[in-house]
2 protein chains.
Amino acid sequence: MSRTTIHDIAKELNTSPSTVSKALNDHPSISAATKELIRTAAQNLNYRQNRLASSLRSGRTNIIGIVIPSSDIGFFGGVVHGIEKLARSNGYNMLLFQSHETGEYEVEGIETLLQTSVDGIIVSIAKDSPNLDHFYDVKKRKVPLILFDRVKEELNSPSVVIDDYKGAYMATEHLIQQGYSRIAHISGPQHVKIFNDRLCGYVDALKANNLPVDDDLIQYGRNSIESGRQSAERLLARNKDMDAIFAAVDFTALGALQYLKEAGIKMPEQIGMIGFGNESFSPYVTPSLSTIDQQPARMGEEAFTLFLEAMAQKSAGSTDVDILEAPKKIVLEPVLIVRESSVRKPQS
Amino acid sequence: MSRTTIHDIAKELNTSPSTVSKALNDHPSISAATKELIRTAAQNLNYRQNRLASSLRSGRTNIIGIVIPSSDIGFFGGVVHGIEKLARSNGYNMLLFQSHETGEYEVEGIETLLQTSVDGIIVSIAKDSPNLDHFYDVKKRKVPLILFDRVKEELNSPSVVIDDYKGAYMATEHLIQQGYSRIAHISGPQHVKIFNDRLCGYVDALKANNLPVDDDLIQYGRNSIESGRQSAERLLARNKDMDAIFAAVDFTALGALQYLKEAGIKMPEQIGMIGFGNESFSPYVTPSLSTIDQQPARMGEEAFTLFLEAMAQKSAGSTDVDILEAPKKIVLEPVLIVRESSVRKPQS
DNA sequence: TTGAAAGCGCTAACAC
DNA sequence: GTGTTAGCGCTTTCAA
């Protein structure tokens with residue numbers, strides 16, 4: 001009636017549970033013959049390992065915990081996809097938590113992950129994460145902690161990010177090369193590092209091309225479509241000569257796009273537009289949105305690889321390696337994606 | 001150094017592990033005073049429950065397994081969101097698997113879920129799921145199985161779906177009311193029930209309005225944007241008088257939209273368009289896409305509620321209830337969302 | 001190459 | 001109201 005155990009198999013074959021366990025785990029000390037015998041018996045009896053028991057005993061769950069702001073955001077969906085692919089082929093499963101950008105849920109997620117004894121945790125930190133205590137907790141428990149995209153240097157953990165500064169620089173320079181010169185920027189909350197980096201990239205690209213940096217051309221929004229609309233409205237009201245917008249996220253770019261379209265402004269002719277993030281809707285809006293791709297799948301794969309390395313180090317028994325060597329930081333190259341919104345037609 | 005256990009707390013307070021366990025679980029037979037004592041001690045010692053041990057002993061994991069085709073599809077993302085909200089507030093966590101529409105991954109996911117002793121499993125079946133053995137396995141183990149959207153009657157499990165027939169009927173009738181009469185349909189694989197239902201709804205709406213059903217106006221695609229483009233191309237080549245398209249999924253609607261736009265056809269004036277699914281991109285394409293909303297979050301909540309009911313029944317000890325009463329089937333109402341692509345301007 | 005024994009950390013009868 | 005005992009199903013020394 002109830003689940004078959006290794007005891008049942010042992011009884012059936014007049015052998016011992018420990019032998020069965022070893023055989024099923026392909027332990028070298030068991031003869032090929034008995035392995036075969038035990039495996040077929042397991043099959044016949046419909047045996048399925050109890051991972052709870054196995055994990056409790058061995059101390060390994062083969063589960064990796066993921067905490068992201070939201071899987072609705074295309075970028076995070078892509079990262080999870082990348083992690084999943086590698087995890088699956090390495091025999092790991094994922095336990096996924098969404099913080100919904102609130103610290104409270106983030107803490108809750110980390111707590112549950114720790115209770116579940118996951119083998120490692122991969123995180124992109126929530127925007128309003130109140131403090132980092134829960135992450136220090138993870139480190140105290142010696143559970144490998146890997147960060148991506150939304151990183152905190154203080155945590156001193158392996159991490160993978162893209163070069164936000166460079167991406168913003170590329171986006172801005174692309175607009176300049178297309179002949180735009182009064183280029184506005186819609187940024188995000190400045191306490192989030194990536195937005196500050198993108199702002200710097202924008203500013204430096206202007207300077208490098210001998211264009212003035214004008215505070216009136218810079219808006220600080222939240223990351224919503226609505227916020228993008230409002231920013232575009234304000235920018236337009238204040239700058240009659242504005243001829244392009246670089247938005248720090250595709251969502252605000254979309255909002256701006258909508259507003260300008262409704263205002264009867266032709267893109268890319270009158271105003272050029274480029275976003276950041278290559279969201280799933282970006283190819284399908286009109287005009288299709290130029291943007292910076294962050295290579296999410298790649299980022300996920302790198303993050304998982306970092307985790308694997310941390311595990312290897314851990315089982316190599318090296319105590320407190322982190323004191324000896326700085327944690328690995330992987331910086332991915334952003335990729336410029338040119339679509340309709342930023343390609344100025346040849347002047348007539 | 002290593003994790004604090006209830007033994008450590010017991011030792012600290014000169015009491016027994018079982019008392020500590022009961023106190024921490026708020027068992028009624030423990031006095032308020034000792035509970036308080038134990039709780040603060042737990043806090044001080046930085047105690048964290050080992051869920052593996054707890055689950056192994058109690059037989060409950062408080063984890064619910066989810067298997068969906070892909071969380072990239074907006075609809076499934078929404079359902080997961082709905083499940084998560086309710087699960088969280090009921091003390092459950094989710095273990096999420098994506099089948100990527102392949103039976104192999106689906107089987108693998110179910111297998112792992114069973115090994116992990118999840119308390120229940122909520123599934124939307126993959127398109128090419130080869131057979132249903134893995135689901136019968138779940139039922140055999142008496143693990144509550146809940147289906148949503150992609151359902152199989154044979155499994156005789158509680159389920160929640162929307163009324164696909166009705167949604168398709170509403171979509172088609174909406175086009176008719178807008179004055180379109182040569183309405184094409186881009187369907188999907190007919191062995192998937194929802195596509196067949198939608199096709200029937202389309203056909204019946206035409207008939208009910210005394211419009212002929214023309215095989216030349218029906219295409220059977222896959223669910224990709226590319227497939228939508230091809231379908232639109234074929235439809236247009238074969239039917240010069242076609243004046244509207246109802247696509248069984250937003251993805252094919254989008255493909256058709258792109259093709260028609262490139263062909264210089266004005267929507268909604270020359271050809272009206274409506275999709276199904278209310279994907280995240282649908283409001284942002286040009287023209288914005290009318291569609292049928294499937295209430296994904298609602299569906300997720302209903303599915304989890306069904307799971308809770310199944311658990312209650314199970315613990316009520318009713319052996320083989322399923323023989324006594326038919327499994328509950330919840331049918332959600334589709335919602336018509338009218339946007340630009342289907343609203344015919346007043347004739348000039 | 002196989003088996004016996006111990007125990008991972010917890011919960012749940014049952015006795016006190 | 002509290003403590004004793006047993007054991008969930010597995011892995012892992014260690015001895016044979």
Side-chain angles (χ1 to χ4, degrees), chain A residues 1-39 41-42 45-63 91 112 114-119 141 315, chain B residues 1-39 41-42 45-63 91 112 114-119 141 315:
Chain A
M1 184 69 254
S2 88
R3 222 158 135 164
T4 325
T5 71
I6 51 173
H7 280 87
D8 301 328
I9 300 179
K11 206 173 294 170
E12 184 82 7
L13 262 43
N14 279 316
T15 179
S16 74
S18 61
T19 305
V20 174
S21 169
K22 284 175 202 153
L24 258 20
N25 288 310
D26 207 16
H27 192 101
S29 80
I30 301 289
S31 74
T34 43
K35 271 182 190 170
E36 197 44 40
L37 221 63
I38 286 172
R39 280 193 196 128
L45 293 175
N46 226 311
Y47 171 77
R48 186 161 5 230
Q49 189 192 47
N50 185 328
R51 288 182 109 210
L52 255 27
S54 166
S55 297
L56 177 60
R57 181 60 238 252
S58 70
R60 297 188 66 221
T61 51
N62 271 40
I63 294 177
T112 309
L114 251 19
Q115 288 184 356
T116 312
S117 315
V118 294
D119 290 346
R141 299 275 182 208
S315 67
Chain B
M1 186 68 253
S2 88
R3 224 159 136 161
T4 329
T5 72
I6 52 173
H7 279 89
D8 301 328
I9 302 179
K11 206 173 293 172
E12 184 83 6
L13 262 44
N14 279 317
T15 177
S16 75
S18 64
T19 305
V20 174
S21 169
K22 283 176 202 153
L24 258 19
N25 286 310
D26 208 17
H27 192 101
S29 79
I30 302 289
S31 75
T34 42
K35 271 182 190 169
E36 196 45 39
L37 221 63
I38 287 172
R39 279 193 196 127
L45 293 175
N46 226 311
Y47 171 77
R48 184 160 8 230
Q49 189 193 47
N50 184 329
R51 289 182 109 209
L52 255 26
S54 166
S55 297
L56 178 60
R57 181 60 241 248
S58 70
R60 297 188 66 221
T61 51
N62 271 41
I63 294 177
T112 310
L114 251 18
Q115 287 184 356
T116 313
S117 315
V118 294
D119 290 347
R141 299 274 181 208
S315 67

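Just so it is clear: chains get the letters A, B, ... in the order the sequence lines come, proteins before strands, and each one is counted from 1. Keep in mind the model is a prediction, meaning the values are calculated, not measured. FYI, side chains are in, hydrogens and waters are out, and symmetry mates aren't considered; it's all heavy atoms of this structure.
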Quick check on contacts: within residues 30-38 of chain A, what sits under 4.0 Å from DNA chain D by heavy-atom distance? none

Minimum-distance pair of heavy atoms, taken over all atoms of B:Y47 and B:T4: CD1-O, 3.3 Å

When the C1' atoms of the five terminal pairs at each end define the local axes, what inter-axis angle does the helix from C:dT1-D:dA16 to C:dC16-D:dG1 show, to 10 degrees? 30°

Tell me, which pairs form a salt bridge (Lys or Arg N to Asp or Glu O under 4.0 Å) where one or both residues lie in residues 23-38 of chain B, sequence neighbours left out? B:D26-B:K35, B:D26-B:R39

What are the two closest heavy atoms between A:I6 and A:P17, and how far apart are they? CD1-O, 3.8 Å

One should read off an interatomic distance between A:R141 CZ and B:N46 CG, to the nearest 0.5 angstrom, of 5.0 Å

If you assign B:S29 and A:T19 each to the DNA chain D nucleotide with the nearest heavy atom, which residue ends up on the more 5' nucleotide? B:S29

What residues form a side-chain contact (heavy atoms from CB on, under 4.5 Å) with A:T61, not counting sequence neighbours? A:S55, A:I63, A:S117, A:D119, B:L52

Check side-chain contact (heavy atoms from CB on, under 4.5 Å) between A:T19 and all other residues, then give those that pass, not counting sequence neighbours. A:T15, A:S16, A:I30, A:I38

Between the CD atom in B:Q49 and the OG1 atom in A:T112, the distance rounded to the nearest 0.5 Å is 10.5 Å

Specify the separation, in whole Å, of atom CG of B:L13 and atom P of D:dT2. 11 Å

Residues at least two apart in sequence or cross-chain that pass side-chain hydrogen bond (donor to acceptor under 3.5 Å, both in side chains) with B:N62, listed by chain then number, are B:R60

Would you please confirm or rule out a distance under 4.0 Å between OP1 or OP2 of D:dT11 and any side-chain N or O of A:S18? no

Sequence-distant partners of A:S21, side-chain hydrogen bond (donor to acceptor under 3.5 Å, both in side chains), two or more places apart: none

Pairing residues for A:T5 by the side-chain contact (heavy atoms from CB on, under 4.5 Å) criterion, not counting sequence neighbours: A:H7, A:D8

Report the distance from atom CZ of A:R3 to atom C1' of D:dG9, rounded to the nearest whole Å. 9 Å

Residues of residues 21-28 of chain A with any non-hydrogen atom less than 4.0 angstrom from an atom of DNA chain D: list those, numerically ordered, please. A:S21, A:K22, A:N25

Those residues of residues 49-59 of chain A lying under 4.0 Å from DNA chain C by at least one heavy atom: A:L56, A:R57

Distance in Å, B:R3 CZ paired with B:N50 CG, rounded so as to fall on 0.5 Å steps: 4.5 Å

For DNA chain D, which residues in residues 4-12 of chain A have a heavy atom at a distance below 4.0 Å? A:T5, A:I6

Work out which heavy atom in A:L24 is nearest to a heavy atom in A:A42; give both atom names and the distance. CD1-CB, 4.3 Å

What's the CZ-P distance between A:R141 and C:dG9, to the nearest Å? 12 Å

Apply side-chain hydrogen bond (donor to acceptor under 3.5 Å, both in side chains) to A:R48 and list each qualifying residue two or more places apart in sequence or on a separate chain. B:E111, B:D137

Could you state the interatomic distance from OG1 (A:T34) to CG (A:L13), rounded to the nearest 0.5 Å? 9.5 Å

What's the spacing between B:S58 OG and B:N25 CG if we round to 0.5 Å? 9.0 Å

